[in-house]
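Each chain gets a letter, A, B and so on, in the order the sequences are listed, and its residues count up from 1. What you see is a predicted model, and the numbers here were worked out from it, not measured in a lab.
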Amino acid sequence: MKLYVSLFASLALALGGACRSAERSTAAPFAAPFPAMAAENADGAVAVEARHYTDHKRVFGVDLPREARVLPVALKLGLAPGASHSLRFDPARAALRLYLPDGTVVASKPAAAIQTQFKRANERIVATALDARVLAPWSAAREANVYFDLGEAGELFVKRGEISRRVGEEVRTFGLEQALIGFELEVDGAPRSVFVGLAPTNGARYP
Amino acid sequence: MSLKHSPRARLSAAALAAVSLIACSAPAPRAERAALLDEEVAALRDANAAGEFVRAVEQAERFLAQTDRSDALGARASLQAALEAGQAHARLAVTAPYLREPDADGVWQLSPIAHRMAMARYYSLARSLARRAATAEGAEELSEALRGADLAEFAFHAQLGLEPSCRAYVQRESELHDPRVAAELFQRLPLAGLRPWLYAELFDYQRARDERAAYRFAIMAIDEAPSASGFNAQRVAQLERWITSECSLEFHCPQCDLAVNPGLRACPNDRTPNVEFVGRKRL
């Protein structure tokens, strides 16, 4: 009996296979998404993480894209485990930039130039900003903020981990996890470009 | 002659109008619609072939905005258009970028990276259409083009030093682990200028797994390094250092037993290419 069941199953499989091969192939090779740009990266001597806290209002008291037209990104930067180099980061020379999937590039804005109507928010923007420093080993690295300039109202909008760009009549919306951050720093005195993806997430807290 | 005013370009504009009309009105004869879509995709291909990349991008944008992708035919044509738009941005990145990014002085400079971001967006759209397009006539030919798109994106991530995504991709694509298979594939696809990045990334993956394969990838990366702008001397030196001192094997010419000199492409005695040298335990 068991043998008959097995034979029947084999026949059914063979017939099914024959029918399928008679149809046009429905396989879609290479359709798997390319792996996303990770929001944590260790590239040689440099280790970096980038997050946009969608609940950053808990820290600043205001929604920064709406109140100050900037996108806050918490960067954690440090010397990669096992590396023995001197890394120096200076936000004024870092050329921080946010690349959107359609090729739009958003520049950063110095913390001191960002103004909201609220004194406490303004203080926190400066207090939590990433400043010039010699980078610590990764185990001692801490998050600090950089701010990307969304420009005048009407072109770029940020909401719940998505960024939208108006192009004429069209509005293009992308998840921030599809964006790329790039900046410059010095490794042993030589300039070096560093890149990392961006993770929109919850969990903002004052450092 | 500018393609902008060529018969095909004029026909293409008419075809686009017809395609959008067809998409919005009653079902058109399938063959007619297929011909119109093919005509439009051919116009995009012509624009790229003529080096009119900006026009290719603009035309692809319009086509993608107006074409119904809900059936296999529309999905296949849109997939092809997205691939053409991606290739146009990839070529713009190298030849004539127009997108910009700020430098350390706040001056907005031309940005090849911004173009490659746009390339990746179009390739992502193409992949998302592959399943729906798979039943359309001629869809089999798209596999190779999609493979090329994956590899161009892999090279982009490698250039940016995005290790996690490169590692995930190489782990997934096991056929790339074999240097001969990878080399054959990379030669077949239009990846000029990107191959050193691909080989170097595959070297990184194999160096702790299979030193013989890693050696071949390192040699191929060194050999092709002059063809790639931005593939710096430091990276070449790192690969050479691994071959001459860090690898647990040493590589010799199979004809005369001379030890490899990675700075040369072949054995100086008998011209055996470095890539064919054989490894043995370092003494």
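- Contacts between Ala107(A) and chain B at a heavy-atom distance below 4.5 Å involve backbone atoms as well as side-chain atoms.
- Between chain B and the options Ala95(A), Pro101(A), Ala36(A), Ala38(A), the largest number of non-hydrogen pairs under 4.5 Å is found for Pro101(A).
- Using a cutoff of 4.0 Å between basic side-chain nitrogens and carboxylate oxygens, Arg30(B) and Asp71(B) are not scored as salt-bridged.
- Remark: Arg51(A) is not positioned above the aromatic ring of Tyr53(A), lacking an NZ or CZ atom under 6.0 angstrom from the ring centre and at most 45 degrees off the axis.
- With a threshold of 4.5 angstrom between heavy atoms, Phe183(A) does not approach chain B through any atom at all.
- Evaluation of the salt bridge (Lys or Arg N to Asp or Glu O under 4.0 Å) test over residues 148-167 of chain A, restricted to residues two or more places apart or in two chains, returns Asp102(A)-Arg165(A), Glu155(A)-Arg165(A).
- Using a 4.5 Å cut-off between heavy atoms, Arg100(B) touches chain A through its backbone atoms (N, CA, C, O) alone.
- More than 12 heavy atoms of other shown residues, nucleotides or ligands fall within 6.0 angstrom of atom CD in Glu170(A).
- Interface remark: Tyr98(B) contributes no atoms to any contact with chain A (heavy atom separation under 4.5 Å).
- At a 4.5 Å heavy-atom cutoff, Gln171(B) makes no contact with chain A through either its backbone or its side chain.
- Note: Phe60(A) and Tyr147(A) have perpendicular aromatic rings, judged against thresholds of 30 and 60 degrees for the angle between ring planes.
- Heavy atoms of Tyr122(B) lying under 4.5 Å from chain A are absent altogether.
- Residue His115(B) does not touch chain A at all, counting heavy-atom pairs closer than 4.5 Å.
- For a residue to count as touching a neighbouring chain, one of its non-hydrogen atoms must lie under 4.5 Å from one of that chain's; by this rule Val196(A) touches chain B with the backbone only.
- Under the 3.5 Å distance criterion, the side-chain polar atoms of Asp55(A) are matched with a main-chain donor or acceptor of Ala204(A).
- With salt bridges taken as basic N to acidic carboxylate O contacts below 4.0 Å, none links Glu58(B) and Arg62(B).
- In this structure, no portion of Ala120(B) lies under 4.5 Å from any heavy atom of chain A.
- Of the atoms belonging to Ser124(B), not a single heavy atom falls under 4.5 Å from chain A.
- Here Arg121(B) does not pair with Glu153(B) in a salt bridge; the nearest charged N to carboxylate O distance is not below 4.0 Å.
- Contacts classified as salt bridge (Lys or Arg N to Asp or Glu O under 4.0 Å) and involving residues 72-94 of chain A (residues at least two apart or in different chains) are given here: Arg93(A)-Asp105(B).
- With a 4.5 Å cut-off on non-hydrogen atoms, Arg172(A) touches chain B through its side chain but not through its backbone.
- Residue-environment remark: CD (Glu184(B)) stays at or below the threshold of 12 foreign heavy atoms within 6.0 Å.
- With a 4.5 Å cut-off on non-hydrogen atoms, Pro33(A) touches chain B through its backbone but not through its side chain.
- Looking at Leu99(B), the atoms closer than 4.5 Å to chain A (heavy atoms on both sides) all sit in the side chain, from C-beta outward.
- Listed options Asp43(A), Asn41(A), Leu100(A) were ranked by heavy-atom pairs under 4.5 angstrom with chain B; first place goes to Asn41(A).
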